[in-house]
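Read the structure below first, then the notes.
Fair warning: this is a prediction, and the values are worked out from it, not measured in the lab. A, B, ... follow the sequence lines: proteins, then strands. Residue 1 opens every chain.
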Number of protein chains: 2
Amino acid sequence: MVIENLVKVISNPNVNEALEALRDAISRRRVVLLVGACIVSYKGRASSELGLGDRIVLIKEDGSILVHRPRGYEPVNWQPPKCLFNVHLDGDNLAIRAIRQKPRETLQIRFKKIYFLSVMTLEDAGEFSLYATEEDMKKAILLRPSIIEEGLRLVKYEKKVEPGFIDLYGVDEEGRLVVIEIKRRTAGRDAVLQLARYVESIRTNVKRDVRGILVAPKLARGVQRMLVSLGLDFKELNPKTCAKILKRYKTKKLSEFTF
Amino acid sequence: MVIENLVKVISNPNVNEALEALRDAISRRRVVLLVGACIVSYKGRASSELGLGDRIVLIKEDGSILVHRPRGYEPVNWQPPKCLFNVHLDGDNLAIRAIRQKPRETLQIRFKKIYFLSVMTLEDAGEFSLYATEEDMKKAILLRPSIIEEGLRLVKYEKKVEPGFIDLYGVDEEGRLVVIEIKRRTAGRDAVLQLARYVESIRTNVKRDVRGILVAPKLARGVQRMLVSLGLDFKELNPKTCAKILKRYKTKKLSEFTF
DNA sequence: TGCTAAATCTCGAAC
DNA sequence: GTTCGAGGTTTAGCA
């Protein structure tokens with residue numbers, strides 16, 4: 001029985017070694033890291049050319065590929081999951097073509113020199129959880145509408161109106177309709193305009209008072225004036241506050257089962 | 001004289017080897033690749049937790065850091081350039097903390113096992129050029145306004161009006177003002193509303209006929225009706241056509257110098 | 001420094 | 001399959 005290395009590293013491979021290892025790795029859907037000097041060209045939704053330089057190329061199990069320069073958060077070139085690979089020789093150099101079918105896009109990487117190549121069998125079943133998103137804020141407000149204002153009753157969730165989807169919809173203490181637009185970060189003009197369009201759309205269909213409340217941790221500069229002139233309200237609400245409410249609620253629910 | 005390896009790879013390093021190599025690499029602003037089993041947590045604009053699994057961690061010269069899972073285009077966790085690193089031992093495990101100052105955000109990676117670590121000195125001076133962006137379309141239209149319509153003269157570039165910035169602004173054959181909104185992809189409702197707001201804003205300030213032209217390779221479904229009802233025009237224009245015009249123009253300019 | 005708009009945006013959900 | 005909106009969006013350009 002042969003026990004295969006889960007992580008294989010080849011330093012300074014020659015072109016044929018690299019070619020063979022890469023073809024094998026891709027056919028087996030392994031994760032591959034390549035570091036070397038290369039030129040890159042891309043044609044598809046746009047086109048790009050990248051001159052010679054040292055880069056890190058990461059090919060993943062799902063057929064995605066990333067080309068990273070030594071600086072910057074974003075990859076300089078890439079291809080999303082599910083693309084097809086073709087590894088071949090371009091003269092004396094190793095070349096990788098990654099082709100996406102729809103939309104048709106082609107990424108070509110030509111290596112002048114490969115410093116190292118690694119083929120890896122990685123196991124990753126870890127759960128990822130992100131807290132305090134806009135969705136969480138919505139849930140927290142539904143659980144406890146009083147964080148917006150006393151007497152508020154929420155009657156609809158993601159109501160469809162003409163310009164799009166309303167985040168939250170309800171009735172206030174005095175029976176007026178309330179439209180709520182939620183932003184998890186500083187709300188700008190766009191958020192106000194969005195809310196204004198929703199309110200306008202409902203006003204044209206209903207013979208009742210309609211209020212619009214923008215809910216966000218903060219307003220961008222100059223936006224307050226805009227809100228006032230459009231007759232809309234603002235309610236400060238921090239995503240962290242919402243996370244706490246959700247947490248408490250979950251604990252409570254759990255305790256309901258426990259006791 | 002000591003000649004240092006430009007790319008150093010350590011397979012299955014023990015914790016102290018890894019700690020030393022990593023601290024040295026970060027202080028020298030080298031590019032680092034780490035592959036191993038880790039857990040990750042993030043606190044900042046939001047919060048996240050990632051359970052144990054094999055990942056690829058890339059630390060760059062500019063102080064950015066990316067954590068990639070074996071699948072997916074996007075990093076599961078990251079930190080943008082200019083963050084500060086702290087490498088330490090967490091019990092028997094190697095831990096990396098990457099701290100961003102503004103906004104204050106912290107990324108912590110704890111390795112249960114390191115399969116390999118690579119420290120690299122990479123040289124990348126290659127030029128990157130991307131063709132046929134919205135900016136290119138703007139330039140092409142300015143160079144040859146007749147691709148929109150005969151007799152069009154463009155008089156302003158990125159004119160500021162109340163709702164935002166107009167892409168292009170001009171006068172048509174019959175002396176009417178023309179506002180142009182450019183999209184490099186299929187134009188949707190948002191593009192139409194944007195153009196409509198610009199046109200409206202100019203109409204309120206000027207006692208002249210004002211036309212709005214949406215320029216894009218294609219219209220989304222249902223958008224044509226919207227355009228008509230708002231009295232706006234559409235002109236089909238492909239970004240590739242624009243790239244060709246720019247290329248020809250550059251060649252022509254070159255030939256003017258040559259001959 | 002802060003804000004606005006674009007991105008080969010990507011990704012997911014809803015229709 | 002298409003469309004629409006969110007994203008820890010990031011990034012570039014400009015007041």
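A heavy-atom distance below 4.0 Å to DNA chain D is reached by these residues of residues 66-81 of chain A, ordered by number: A:Tyr73, A:Glu74.
Across all strands, A:Ser47 comes closer than 4.0 Å to no nucleic acid atom at all (heavy-atom distances). Among the heavy atoms of the strands lying under 4.0 Å from A:Lys102 are primed sugar atoms or P, OP1, OP2 only; no base atom is included.
The residue among B:Ala132 and A:Gly188 whose nearest nucleotide of DNA chain C lies closer to the 5′ end is A:Gly188. Judged by closest nucleotide on DNA chain C, A:Val223 is the one of A:Val223 and B:Phe128 placed further toward the 5' end.
Here C:dA5 presents its C1' atom at 11 Å from CD of B:Glu135, a figure rounded to the nearest Å. Computed from coordinates, the A:Tyr131 OH to D:dG8 P distance equals 14 Å when rounded to whole Å. The distance from atom OH of A:Tyr42 to atom P of C:dC9 is 7 Å, rounded to the nearest whole Å. Separating the CD atom of A:Glu105 from the P atom of C:dT10 is a distance of 8 Å, rounded to the nearest angstrom. Between the C1' atom of D:dA6 and the CE atom of A:Met137 lies a distance of 13 Å, rounded to the nearest Å. B:Lys183 has its NZ atom 9 Å from the P atom of C:dA5, to the nearest Å. What separates CZ of A:Arg221 from P of C:dT1 is a distance of 13 Å, to the nearest Å. At whole-Å resolution of the value, CD in A:Gln194 and C1' in D:dA6 are 10 Å apart.
With a 4.5 Å cut-off on side-chain heavy atoms, A:Leu52 and A:Lys112 count as touching.
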Subject >> Intra- and inter-strand pairs of DNA chain C in dot-bracket (Watson-Crick or G-U wobble, both distances under 3.5 Å; | for another strand) >> reply: |||||||.|||||||

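The distance from atom CD1 of B:Ile109 to atom CG of B:Asn77, rounded to the nearest 0.5 Å, is 7.5 Å.
In summary, the side chains of B:Asn86 and B:His88 do present a donor paired with an acceptor at a separation below 3.5 Å, with no hydrogens or angles considered. Looking only at atom types and distance, the side chain of B:Tyr42 has a donor-acceptor partner in the side chain of B:Glu105 under 3.5 Å away.
For the P atom pair drawn from D:dC4 and D:dG8, the interatomic distance equals 22 Å after rounding to whole Å. With C1' as the reference atom, C:dA7 and C:dC11 are 14 Å apart, rounded to whole Å. Straight-line distance between the C1' atoms of C:dT10 and C:dA6: roughly 14 Å, to the nearest whole Å.
Closest contact between the side chain of B:Arg185 and the listed nucleotides D:dT9, C:dC9, C:dA7 involves C:dC9.
Between A:Arg45 and C:dC9, a side-chain N or O to OP1/OP2 separation shorter than 4.0 Å is present. An OP1 or OP2 oxygen of C:dC3 is reached within less than 4.0 angstrom by no side-chain nitrogen or oxygen of A:Lys218. A sub-4.0 Å separation between OP1 or OP2 of C:dT4 and a side-chain N or O of A:Arg189 is present. Between A:Arg104 and C:dT8, a side-chain N or O to OP1/OP2 separation shorter than 4.0 Å is absent.
Not counting sequence neighbours, A:Arg97 has no partner by the salt bridge (charged side-chain N to carboxylate O under 4.0 Å, His left out) test.
Between the side chain of B:Arg203 and the backbone N or O of B:Val210, at least one donor-acceptor pair lies under 3.5 Å.
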Original post:
Can you check side chain to side chain donor-acceptor pair (under 3.5 Å) on B:Tyr131 and B:Thr133, steps first, answer last?
Top reply: CA-CA 6 Å; B:Tyr131 309 105; B:Thr133 60; over 6 Å; no

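For A:Gln101, the CD atom is densely surrounded, since the number of other residues' heavy atoms within 6.0 Å is greater than 12.
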